[in-house]
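In what follows, a structure is listed as structure tokens, so that the remarks can point back to it.
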Amino acid sequence: MVGSEIILVLVAIIVALMIYKVLKTVKGLIVNTILGLAIIVGANIVFGLGIAYSAVVILTCAIGGPIGALLVILLNHLGIFF
């Protein structure tokens with residue numbers, strides 16, 4: 001009985017650590033997305049770029065953050081994409 005309780009506690013610790021790592025990663029993606037979209041919204045308002053807020057733009061901002069937003073703005077300015 002004691003052995004199974006120890007195994008259960010070890011499994012619970014491992015699961016808690018895995019959840020912590022996932023939430024830490026998600027937090028970073030949320031911060032990157034907010035910063036990137038803030039830059040794109042600001043550029044749309046100030047410069048009138050007309051960049052649509054599509055899934056591709058949001059994903060680029062989530063992964064790249066402010067640098068991804070600047071990439072979206074540059075590609076839009078060059079007429080390549082977005």
Side-chain angles (χ1 to χ4, degrees):
M1 186 87 145
V2 174
S4 63
E5 290 174 354
I6 292 173
I7 291 173
L8 184 62
V9 168
L10 289 175
V11 169
I13 290 171
I14 291 171
V15 169
L17 287 173
M18 289 172 42
I19 290 172
Y20 172 75
K21 285 193 173 260
V22 168
L23 290 177
K24 188 176 175 184
T25 302
V26 169
K27 179 184 160 190
L29 286 175
I30 291 171
V31 170
N32 272 348
T33 304
I34 291 171
L35 289 174
L37 285 177
I39 291 172
I40 289 179
V41 167
N44 275 341
I45 291 171
V46 173
F47 301 115
L49 298 177
I51 298 174
Y53 306 107
S54 65
V56 176
V57 170
I58 294 172
L59 187 61
T60 303
C61 289
I63 295 172
I67 295 173
L70 294 175
L71 177 67
V72 168
I73 292 169
L74 177 67
L75 291 175
N76 178 292
H77 181 69
L78 295 174
I80 297 173
F81 197 51
F82 305 108

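Listed by chain and number, the residues in a side-chain contact (heavy atoms from CB on, under 4.5 Å) with I45 are V41 (sequence neighbours excluded). Under the rule for a side-chain contact (heavy atoms from CB on, under 4.5 Å), L8 has no partner lying at least two apart in sequence or in another chain. Every residue meeting the side-chain contact (heavy atoms from CB on, under 4.5 Å) condition with N32, not counting sequence neighbours, appears here in chain and number order: P66.
Hydrophobic clustering of Ile, Leu, Val, Met, Phe, Trp and Tyr side chains at less than 4.5 Å, counting indirect connections, unites V56 with L71. Cluster annotation: F81 and L49 are assigned to the same hydrophobic cluster (Ile/Leu/Val/Met/Phe/Trp/Tyr, side-chain heavy-atom contacts under 4.5 Å, transitive). By the criterion of side-chain heavy atoms lying less than 4.5 angstrom apart, applied directly or through intervening Ile, Leu, Val, Met, Phe, Trp or Tyr residues, I39 is grouped together with L74 in one hydrophobic cluster.
Sequence neighbours left out, not one pair with a member in residues 7-19 passes side chain to side chain donor-acceptor pair (under 3.5 Å). Among residues at least two apart or in separate chains, there is no side chain to side chain donor-acceptor pair (under 3.5 Å) pair with a member in residues 13-26. Among residues at least two apart or in separate chains, side chain to side chain donor-acceptor pair (under 3.5 Å) pairs with a member in residues 46-73 are N44-Y53.
Expressed to the nearest 0.5 Å, how far CG of L37 lies from CD1 of I51 amounts to 10.5 Å. In this structure, OG1 on T33 lies 8.5 Å from CG on L59, to the nearest 0.5 angstrom.
In this structure, V22 belongs to a hydrophobic cluster whose other members, linked by side-chain heavy atoms under 4.5 Å apart, are V26, I30, I34. With a 4.5 Å cut-off between side-chain heavy atoms of Ile, Leu, Val, Met, Phe, Trp and Tyr, the cluster of I19 takes in I7, V11, V15, L23. Other residues sharing a hydrophobic cluster with V31 under the 4.5 Å side-chain heavy-atom criterion for ILVMFWY residues are L35. Residue L17 belongs to a hydrophobic cluster whose other members are V9, I13, with links defined by side-chain heavy atoms closer than 4.5 Å.
When all heavy atoms of V57 and A52 are compared, the closest pair comes out as CG2-O, 3.4 Å. Of all the heavy atoms in A69 and G36, the pair that sits closest is CB-O, 3.3 Å.
Annotation for I67: atom CD1 does not count as buried by contact number, only 12 or fewer foreign heavy atoms lying within 6.0 Å.
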